Amino acid sequence: MTARDPFPSEARDDLLVEVAVALPLFGRYTYAVPAALREMVAVGRRVLVPFGRRRVTGYVLGFAADAPAAALKQIEGLLDPDPLFPAAMLPFFQWISDYYMHPLGEVLQAALPTGINVADQQLVSLTDEGREVLPEQARTPWERAVVERLSRGACRLPVLQRLGGDDFSRTALQQWEQKGWVTRQNTLGGGRIRPKTERFVRPLTEPASQERLSAPRRALLAVLAQRGAMAVSALKAHIPTAADLVRRMAADGQVAIEWRAVYRDPLGAPITPDNPPAPTPEQQRALEGMGAAIGKGYRTFLLVGVTGSGKTEVYLRLAAEALARHTTVLVLVPEIALITQTERAFRARFGRQVALLHSGLSDGERLDQWQRIRNGEVAIAIGARSAIFAPFEQIGLIIVDEEHDDAYKQEGALRYNARDLAVVRARQAEAVAVLGSATPSLQSAYNAQIGKFERINLFERVDQRRMPEIFVQDLTDLREERGSRRFLTAALTEGVRHCLEQKEQVLLFLNRRGFANALICAACGQAVQCDRCDISLTYHQQSNAYKCHYCGFSQAAVARCSRCGSNRINRLGIGTEKLAAWIQELFPTARVARMDRDTTRRKGALVKILKALRERRIDILVGTQMVAKGHDYPYITLVGIICADLSLSLPDFRAGERTFQLLAQVAGRAGRGQRPGRVVLQTYNPLHFSITAARDQDYDAFYRQEIQFRQALGYPPFTRMVQVRITGRDQKGVIAHARRLGETGSALQQADPAYGELVLLGPIEAALARIADHHRWQLLIKGPRVAALHRFVHQLLFGPDAPTPKSGIRVAVDVDPVFLM
DNA sequence: AGCACGCCGACT
DNA sequence: GTCGGCGTGCTC
């Protein structure tokens, strides 16, 4: 890319731009800019370009010095009235493209608001001749379905394809076209999300000439004189017949109608402004160090604050500091379905200066929040991982709350980690990054240890609230027990009873939903498994169904054993549904509620549960890890962790880290109000350091142990990893391609001594070998240095010797994977 | 991704 | 002998 003067005088007649298209292509394409667009084209602009025999969305990367050999085409148009992001963000997107080995055009598409891109789609319609002939010519069922649909009007090709199912043949359709029965034409599709505009009325008539007007017209002008130009919809509140009246008055030249952009408002109920509490001396020290750094170049701080130490207040004051220095602030929070405490706190302190970018927004609302940021109407944006792309200029501060949370890792097509990108963006913008957590990720704590980050501690709880007392209960002795006695120890049930007597609330945490997750044939011992995944099904009592938690498959719970045909299936194991039933049986008068994905799927359901908790209409809350995130429970004084080991035994080197974080976070839910909290932590591994460290709320003890284990086994943060996953319906094809990649990798490694330090693991079948009928194999590559590792993987997948996957086989790269199963 | 071109098996 | 499958290659 050659960035230069947008209007180079010597090249006025052949201005060339380099463009990335929103397709899975790594190339850059050169286009000529027609004279009419010359003034408007700029780096970062979204453009419509001809590409092959259709038109697609592209992004201007820069100006080109000379044309390539290939014939040039012209840009067809600009897609936005104003640039969607500052050109200064382009190096950030380029960095993401390089680091995560993902095409730049797709990075941009993923970063910008969804639903705005356009591309040509083929629109198929019947000709007059086809209308007569085809109904008789259509033989097969799919042909009949397609012709029936076409007889009702033109239709997009992908819609027809879906209608025709697997039998659909494009060649057959081409034939119909040759015979003159159907025609195809390109039409621009997509772009369904646009800025919202409303009709506004502006008065034109001078006051003196109003006397001749009718009473309603005079009334309307009076409202406008008082309020200024108004949306027609708002005017209706004053004058019910406004819509019609305005139209007639506009025709008579008394008012002008104009379309103006308006913002869809996602903020919902207003939040009352807070009274900033005075910072504690400890908070003050933390603020002085970090606040003074804002505006003076790049730095990253790791803010380690125990629960209740007032991290949020530190964030708020830092944000105020950044605003005072005329810089903008980006706040990332873990993705949860609901507004978080952090979000609420920022809105209470900064009001309408805050833009929201969480997942609860519609695509339209999200676009509007984006535009508010882009237009400089807000100085703070707060949101989940994709908010890292917020189009701010002059960023002074990026805060990542609960930085250890796995939710910052985006899975799917472009796999990025928003926490890592926060540091990258801060570095590029010469800003300050603050990563906050009570239980930092090993990676971040290590970065602080080696001096890449600066660690700041908050050890004191505000108001001198005591940390909860944690009792570890060994479950091993109960192994022989059956049913509820196996999981509900005397210590826990006594604690619950005591709480209920005191009219206090109880939280019971079990990291598994459903009723029973081990469905074993009573006759032959065979486990009931999903047909489409290699995963045991879980019984759900409420829906009386066996469900797969990986692909969503569900079948009525009357199935017979697939091996011996017996219909006696034992329902072993435990999930939140069964736990809630047991507890209700044990405490018949208690009001028990359950909070997991099953009970909060419906919109508003989670709010209802939280509201009932706050109003003390719930005595015992049973929940999965959902309860550990982002909510305050002021009346809960007892937390019961039913089985702390569920996440400990997963085949993933981060299992210990995740378990520690989860337990420490759940335990932190106890006693956040006035009363001190108690935690009963039940486990089969009372001596495991993840458990003992969580019991002692001792992060550093956990870190010291875990970091040794990582070093000894060569895991991150001492190495970097890239996972290559091969998936497809055809098992043989998946295995074959995985092996070819493995062989290519070995050959590459032998050929270049620089790759000697890399470790290739696999190819092997993934721990979850099949999900939704897709077989999964993987290759894991480890190395101490990121440059060599990435160069190797790039060569393996995109180099000259890279094997090309057969159709139906997909290869996905996951740089710095978080979930290894 | 989407679309066209080009080479091998089952039908008129 | 064609029709029609989908492997391969390209898009400024």
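Computed from heavy atoms alone, side chains included, the values below leave out hydrogens, waters and symmetry copies. Letters A, B, ... mirror the listed sequences (proteins, then strands); counts begin at 1. Small disclaimer: the values here were computed from a predicted structure and weren't measured.
Using a 3.5 Å distance cut-off with no hydrogens or angles, the side chains of Asn417(A) and Tyr100(A) do not pair a donor with an acceptor. Arg53(A) and Asn186(A) are not linked by any side-chain donor-acceptor pair at a separation below 3.5 angstrom, with hydrogens and angles left out of the test. Side-chain contact annotation: Glu18(A) with Tyr31(A), donor-acceptor N/O pair under 3.5 Å absent. Side chains of Thr183(A) and Ser125(A): a donor-acceptor N/O pair is present below 3.5 angstrom, by distance only.
Arg729(A) approaches His775(A) most closely through the heavy-atom pair O-CD2, 3.3 Å. Nearest heavy-atom pair, Pro803(A) versus His737(A), reported as atom, atom and distance to 0.1 Å: O-NE2, 3.6 Å. In terms of heavy atoms, Arg55(A) sits closest to Glu76(A) at CD-OE1, 2.8 Å.
The nearest whole Å value for the distance from the CZ atom in Phe63(A) to the C1' atom in dC12(C) is 16 Å. Taking atom CG of Leu160(A) as the reference point, atom C1' of dG2(B) lies 16 Å away to the nearest angstrom. Put simply, CG on Leu173(A) is 15 Å from P on dC6(C), counting in whole angstrom units. Here dG2(B) presents its P atom at 16 Å from CZ of Arg55(A), a figure rounded to the nearest Å. Rounded to an integer number of Å, the gap from CG of Leu61(A) to C1' of dC12(C) is 12 Å. Counting to the nearest Å, the P atom of dG7(C) and the CD1 atom of Ile809(A) are 12 Å from each other. Straight-line distance from the CD atom of Glu76(A) to the P atom of dC12(C): 12 Å, rounded to whole Å. Atoms NE2 (His102(A)) and C1' (dA1(B)) sit 12 Å apart, rounded to a whole Å.
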What are the atom names and distances for every N/O pair under 3.5 Å that joins the protein to nucleotides 3-5 of chain B?
from	atom 1	to	atom 2	distance (Å)
dC3(B)	O5'	Gln122(A)	NE2	3.4
dA4(B)	OP2	Gln174(A)	NE2	3.4

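Listed nucleotides dC6(C), dC12(C), dT11(C) differ in distance to Ser807(A); the shortest reach to its side chain belongs to dC6(C).
Distances shown here put every side-chain N or O of Tyr29(A) at or beyond 4.0 Å from the OP1 or OP2 atom of dT11(C).
Phe51(A) comes within 4.0 angstrom of a base, heavy atoms only.
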